[in-house]
Amino acid sequence: MWIKSYKEYKSLKPMELIQLVKDSIRLEVGFDYYAGISLKNVRGRHTKLITCIFHQDKTPSLAIKPSKNVFYCFGCQAKGDIVTLVSLLNNVSQFKAAYIIAEDFGLLDGVGTQIIQTLKEKTIDKKLEINFRKREVESFDFLLKVKKHFQSITKNIKNERDIQRKGELYHIITKIEYYLDLLSEYEKYSPEERVDNYILIQKFIGKEIYPIYQAVLDKLIGGEHNWVKLGEQY
């Protein structure tokens, strides 16, 4: 049964199957189904203590956290999730344990295929979110550097001539602070709003920051600097 079914689903990646099982089956269900232990009447909302099933245990030492779907034994240090539970009970690999659970609960039938596709889409979305967040952080760090650099220049304003040459930096610093707030408070915005904010910030960097910064480099510092030119990053 294992070999035949394994060949049938060999295109499914091990981590996809394991994640599918962990996302689909609660740990309490696993204890009931595979260990014959019901946790319904066990006290504890956040943590339930029972005698360990992996070693001789006179007092309850196996802690189960339903909200996190994990268990841990303070005696033998056995720990893990539903896949680990079945793996330890049957002395099989994590992948085979996940497969056993998936077969027992029908996760690999038509409905299971749909779940797998949803899981893959969520994984892609998560990767996109991570990459996008990285770009947001890069933009924040960059704008912060520009702000500090421009502030150091405005501190040296001493006369009207300096104001004419450097005064526009006050205005640009205010804008930078606004965009820094948008990036630092990203959790307040929906994904669509965050994308819009990011596009707005990139336009700001390209159309306003870059020309001014180039002028600063050319006229005030003589072009000698240790920074990477904005045009090479954005």
Side-chain angles (χ1 to χ4, degrees), residues 13 15-24 26 46 65 67-70 81 113-158 160-234:
K13 294 180 180 179
M15 290 308 299
E16 290 177 344
L17 178 60
I18 291 172
Q19 193 62 50
L20 169 65
V21 169
K22 290 166 63 175
D23 289 345
S24 304
R26 302 291 299 172
H46 300 295
K65 293 185 176 294
S67 62
K68 296 184 178 181
N69 264 343
V70 295
D81 47 41
T113 302
Q114 185 177 359
I115 294 175
I116 291 170
Q117 183 60 34
T118 301
L119 176 63
K120 289 181 177 179
E121 291 173 355
K122 286 183 179 179
T123 301
I124 293 173
D125 289 344
K126 187 174 182 180
K127 288 181 179 178
L128 288 174
E129 161 64 20
I130 292 173
N131 289 334
F132 183 69
R133 181 63 195 138
K134 182 179 179 181
R135 295 300 298 273
E136 286 180 318
V137 172
E138 289 174 350
S139 296
F140 181 89
D141 292 341
F142 184 75
L143 285 176
L144 190 60
K145 285 183 179 180
V146 173
K147 176 189 171 183
K148 290 180 179 179
H149 189 64
F150 285 178
Q151 283 179 328
S152 67
I153 294 173
T154 56
K155 287 181 180 180
N156 296 323
I157 292 179
K158 299 177 180 180
E160 185 175 344
R161 184 169 178 272
D162 286 341
I163 292 176
Q164 292 176 351
R165 296 174 62 211
K166 308 175 186 179
E168 62 180 320
L169 294 182
Y170 285 115
H171 175 66
I172 208 72
I173 288 172
T174 300
K175 283 190 174 182
I176 291 174
E177 289 174 343
Y178 168 72
Y179 290 121
L180 286 173
D181 287 340
L182 288 183
L183 291 169
S184 64
E185 298 176 356
Y186 69 96
E187 293 179 329
K188 293 182 179 179
Y189 302 98
S190 67
E192 292 79 10
E193 290 173 327
R194 286 173 61 187
V195 171
D196 289 341
N197 290 342
Y198 182 79
I199 292 173
L200 188 65
I201 290 167
Q202 298 313 304
K203 289 181 178 179
F204 168 70
I205 290 174
K207 292 183 178 181
E208 298 191 48
I209 290 288
Y210 182 67
I212 292 178
Y213 185 60
Q214 282 295 92
V216 169
L217 294 179
D218 295 339
K219 296 179 182 179
L220 304 179
I221 315 178
E224 296 296 328
H225 60 93
N226 295 321
W227 284 31
V228 176
K229 287 186 179 180
L230 304 189
E232 294 176 359
Q233 288 189 337
Y234 299 92

Legend entry - Rounded distance (nearest 0.5 Å) linking atom CG of L180 with atom CD of E185: 10.5 Å
Inset, instruction - State, with a plain yes or no, whether a side-chain heavy atom of V137 is found less than 4.5 Å away from one of R133. - result: yes
Inset, instruction - With rounding to the nearest 0.5 Å, note down the distance linking NZ in K147 to CD in E177. - result: 4.0 Å
Legend entry - Test log, rule side-chain contact (heavy atoms from CB on, under 4.5 Å), inputs F140 and E136: CA-CA 6 Å; F140 181 89; E136 286 180 318; over 6 Å; no
Inset, instruction - Could you tell me which non-hydrogen atom of I176 sits nearest to which non-hydrogen atom of L143, and how far apart they are? - result: CG2-O, 3.6 Å
Legend entry - Side-chain heavy atoms of Y189 within contact of L182, under 4.5 Å: yes
Inset, instruction - Would you confirm whether E208, through its side chain, and I205, through its main-chain N or O, come within 3.5 Å as a donor-acceptor pair? - result: no
Legend entry - Non-hydrogen atoms of S139 and Q202 that approach each other most closely: OG-NE2, 3.1 Å
Legend entry - NZ/NE/NH1/NH2 to OD/OE distance under 4.0 Å, E129 and R194: yes
Legend entry - K22 versus N69, closest heavy-atom pair with distance: O-ND2, 4.1 Å
Legend entry - Close side-chain approach of L200 to F204, heavy-atom, < 4.5 Å: no
Legend entry - Separation between OH of Y178 and CD1 of I201, rounded to the nearest 0.5 Å: 8.5 Å
Inset, instruction - For the pair S24 (side chain) and V21 (backbone), establish whether a donor and an acceptor sit closer than 3.5 Å, ignoring hydrogens and angles. - result: no
Legend entry - Any side-chain heavy-atom pair of K148 and K145 under 4.5 Å: no
Inset, instruction - Return yes if a side-chain donor-acceptor contact under 3.5 Å exists between E193 and N197, otherwise no. - result: no
